[in-house]
Amino acid sequence: SVALNYKHLAELIRANGLTSLYDRSSTTSNPDLLGHPPGYPILLSFIYRVAPESDTATELLQMMLDSLSAIVIALIAFELFPAAVGIIAGLLAALAPQFSWNSILLLPDSLAALPILVAMLLITKALVRSNSTSDRSSIVSMLAAGALIGVSVWLRANSLLLAPFLALL
């Protein structure tokens with residue numbers, strides 16, 4: 001029923017436009033439909049413009065993005081540990097059921113991880129780089145990481161719990 005809710009909201013966004021989320025008279029802004037963040041229905045509406053109501057296209061995109069998550073995990077590990085550890089981390093992430101099984105579900109759960117991982121990569125690079133270069137590039141990296149956490153929150157609200165911990169960095 002959650003996936004059907006996402007699909008229904010995606011169709012309404014596709015038909016009425018993104019601004020309809022903020023229009024009180026629009027059916028898109030019905031509070032019953034907005035029980036979850038609107039990021040995933042917005043993504044679905046873009047996919048449905050290219051491949052109308054294609055679950056296969058959505059699943060393929062999710063599989064590709066989840067594969068990219070495994071690569072980003074390896075890149076994070078390469079920054080902090082020897083190359084062998086990075087390779088093992090990437091392989092374990094690629095075989096993890098959270099990415100392999102959840103990528104075929106029409107839910108944003110696994111997609112919300114990619115912006116967080118890219119944010120962690122930016123933060124890791126900024127902290128490693130801050131010892132040798134200017135603070136300006138580190139500040140830009142931290143701001144970009146914050147924006148990526150915001151993207152993740154638009155996909156799945158659970159990411160909002162990271163904000164206080166990341167603020168400590």
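In what follows, every heavy atom counts, from backbone to side chain, and hydrogens, waters and symmetry copies are set aside.
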message: How long is the straight-line distance from CD1 of Ile116 back to OG of Ser159, given to the nearest 0.5 Å?
response: 3.5 Å
query: Is Ser54 reaching over with its side chain to a backbone N or O of Ala57, donor-acceptor style, under 3.5 angstrom?
result: yes
- line: Of Leu21, Thr28, Leu43, Leu155, the one forming a side-chain contact (heavy atoms from CB on, under 4.5 Å) with Pro38 is Leu21
Flag, side chain of Ser26 to backbone of Tyr22, donor-acceptor distance under 3.5 Å: no
field: Check: Asp109 and Arg156 side chains under 4.5 Å, non-hydrogen atoms
entry: yes
query: Are any non-hydrogen side-chain atoms of Leu114 and Val72 less than 4.5 angstrom apart?
result: yes
query: Between Ala83 and Phe78, which heavy-atom pair has the shortest distance, and what is it?
result: O-CE2, 3.2 Å
message: Between Arg14 and Tyr48 (side chain of the first, backbone of the second, donor and acceptor by atom type, cut-off under 3.5 Å), is there such a pair?
response: yes
message: Quick check: do Leu75 and Lys125 have side-chain heavy atoms less than 4.5 Å from each other?
response: no
- line: Output for pair (Leu162 CG, Ser152 OG), nearest 0.5 Å, gives 7.5 Å
- prompt: Mind checking whether Leu105 and Gln62 have side chains closer than 4.5 Å, heavy atoms only?
  reply: no
- request: To the nearest 0.5 angstrom, please state how far the CD1 atom of Ile104 sits from the OG1 atom of Thr58.
  value: 13.0 Å
field: Heavy-atom pair with the smallest gap, counting every atom of Leu106 and Ala3
entry: O-CB, 3.6 Å
Closest non-hydrogen atom pair between Val153 and Leu160, with its separation: CG2-N, 3.6 Å
- prompt: So which heavy atom on Ala77 is nearest to which on Gly86, and how close?
  reply: CB-CA, 3.4 Å
query: Is there a chain of hydrophobic side chains (I, L, V, M, F, W, Y, each step under 4.5 Å between heavy atoms) that links Val140 to Ile149?
result: no
task: Without swapping roles, check the side chain of Glu79 against the backbone of Leu121 for a donor-acceptor pair under 3.5 Å.
output: no
Parallel, tilted or perpendicular: ring planes of Tyr40 versus Tyr6, cut at 30 and 60 degrees: perpendicular
Inter-residue atom distance Leu91.CG - Ile73.CD1, 0.5 Å rounding: 11.5 Å
task: Determine the minimum heavy-atom distance between Ala10 and Leu44, stating which atoms define it.
output: CB-CB, 3.5 Å
Check: Leu65 main-chain N/O paired with Ser69 side-chain donor or acceptor under 3.5 Å: yes
message: If I take atom OG1 from residue Thr56 and atom CG from residue Leu61, how far apart are they, to the nearest 0.5 angstrom?
response: 12.5 Å
- prompt: Distance from Glu11 atom CD to Asn16 atom CG, nearest 0.5 Å?
  reply: 10.5 Å
message: Would a single hydrophobic cluster contain both Val151 and Leu18, if residues Ile, Leu, Val, Met, Phe, Trp and Tyr are joined by side-chain heavy-atom contacts under 4.5 Å?
response: no
task: May I ask you to decide if Ile13's main-chain N or O and Ser45's side chain share a donor-acceptor pair within less than 3.5 Å?
output: no
